[in-house]
There are 2 protein chains.
Amino acid sequence: MNIGTAATQTGLPVKTIRYYEEIGLVTPDRRANGYRDFSEACVEQLRLLAQARHLGFSLEECRRLLSLSADEGRASRDVRALAQQNLEAVREKIASLSALEAQLQRLIAQCHGDDAPDCAILDDLMGQRGN
Amino acid sequence: MNIGTAATQTGLPVKTIRYYEEIGLVTPDRRANGYRDFSEACVEQLRLLAQARHLGFSLEECRRLLSLSADEGRASRDVRALAQQNLEAVREKIASLSALEAQLQRLIAQCHGDDAPDCAILDDLMGQRGN
DNA sequence: ATAAACCTTCCAGTGACTGGAAGCAAAAGT
DNA sequence: ACTTTTGCTTCCAGTCACTGGAAGGTTTAT
């Protein structure tokens, strides 16, 4: 299977697949003309990559997921732990973004938003030390 | 004021301040010995940068904030619009992270998490196309 | 025969820093 | 006065996960 077909099968851009090969996440075969040749197994790995990236796993986490998925003797506990870690990270991001949201909302509420140059937002941004 | 003092006054790392100068966000004076010399006004700009970055504004947005803060004839409406845009972006990020959280939670719940190699998470990751 | 679509590699850029090396300048300690 | 430490300078390279583009070879369709 050519790289373009693999791309449409997985939803990954061609460039991204080449990049994944470059950093050793997948190792497609090569044809006589130099074209990459993707096996079904390889496409499955790409599908895992696409899906896991979509879920916010880093490429290093994806690497571990791939090695777990290749390991017939794996314990599902290990996969779960990885996912759990990722979940924590997502929750932390949500928490800090929520704090941002509140602060921005407060700032916006305090600003008149008219033609005059005095602005509560700028006042706040310049007023205090960072944090 | 030396760069180190400016750094402690604003909470920004020295390296970051130099980077901000490099991309033209601030332009401190220079002393005879080549050291940067930060005026109070310059430090205020750095404070704005620190605070705005902390609130998730991009550096390009910060650039616009700085030019608005320097413009005596600005309309606070414009500042508000910028903050409002940022708020939307933050809300979108929160929404998509929340979707991730739900999906991860579901996946984790389906996985036994024991010694056995069969794992609902891996099954899911390899099963379908990436969207 | 020609055009288009597809493949290859390599180089450079993104955003926002961050780390490190090599080399002066200034401040502090003895 | 001398030495050590700290602080400043520049420049180069790396991070993460791609993304764009150039220059060129291959295959497929017309």
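Heavy-atom basis, side chains included; hydrogens, waters and symmetry copies ignored. In what follows, chains carry the letters A, B, and so on, assigned in the order in which the sequence lines appear, proteins first and then strands, with residues in each chain numbered from 1.
Regarding contacts with the backbone of D:dT10, a side-chain N or O of B:R36 is found under 4.0 angstrom from either OP1 or OP2. Contact annotation: A:N33 side-chain N/O to D:dG25 OP1/OP2 distance is not under 4.0 Å. For C:dA16, the OP1/OP2 oxygens have no side-chain nitrogen or oxygen of B:T16 closer than 4.0 Å.
Here the P atom of nucleotide D:dC16 and the CD atom of A:E22 are 14 Å apart, to the nearest Å. In this structure, A:N2 atom CG and C:dC7 atom P are separated by 5 Å, rounded to whole Å. The nearest whole Å value for the distance from the CG atom in A:L25 to the P atom in D:dC18 is 9 Å. Across the protein-nucleic acid pair, A:R31 atom CZ and C:dT8 atom C1' stand 13 Å apart, rounded to whole Å. When rounded to the nearest whole Å, the span between CD1 of B:I17 and C1' of C:dA16 equals 15 Å. Following rounding to the nearest Å, A:D29 (CG) and C:dT8 (P) show an atom-to-atom distance of 13 Å. Distance A:E60 CD to D:dC18 P: 12 Å, rounded to the nearest Å. Note: CE (A:M1) to C1' (C:dC6) measures 16 Å, nearest angstrom.
Nearest-nucleotide mapping onto DNA chain C: of A:D37 and B:F57, the residue sitting toward the 5' end is A:D37.
Nucleic acid contact for A:I23: none, since no nucleic acid atom lies under 4.0 Å from a heavy atom of the residue. Using a 4.0 Å heavy-atom cutoff across all strands shown, B:Y20 reaches sugar-phosphate atoms only and no base atom. Within 4.0 Å (heavy atoms only), B:R30 reaches sugar-phosphate atoms of the nucleic acid but no base atom. Contacts of A:R18 with the nucleic acid, taken as non-hydrogen atoms under 4.0 Å apart, include base atoms.
Here the CG atom belonging to B:L55 is positioned 7.5 Å from the CG atom belonging to A:D124, to the nearest 0.5 angstrom. A distance of 8.5 Å separates SG in B:C62 from CG in A:L125, rounded to the nearest 0.5 Å.
Among A:R74, A:R77, A:R80, the one residue that satisfies the salt bridge (Lys or Arg N to Asp or Glu O under 4.0 Å) test with B:D115 is A:R77.
Side chain B:Y19 to base C:dG15: no donor-acceptor pair is found below 3.5 Å.
Picking from D:dT9, D:dT27, C:dG20 the nucleotide with the shortest atom distance to the side chain of B:K15 gives C:dG20. Picking from C:dT18, D:dA17, C:dT8 the nucleotide with the shortest atom distance to the side chain of B:P13 gives C:dT18. The side chain of A:Y35 lies closest to D:dT27 when the candidates are D:dT27, C:dG20, D:dA17. Relative to the side chain of B:S58, the nucleotides D:dC11, D:dT26, C:dA16 differ in distance, and C:dA16 lies closest.
In terms of hydrophobic clustering, with Ile, Leu, Val, Met, Phe, Trp and Tyr side chains grouped at heavy-atom distances under 4.5 Å, A:I121 and B:L59 are assigned to a common cluster.
With a 4.5 Å cut-off on side-chain heavy atoms, A:S76 and B:D118 do not count as touching.
Judged by distance alone, the side chains of A:E88 and A:Q84 do bring a donor and an acceptor atom under 3.5 Å apart.
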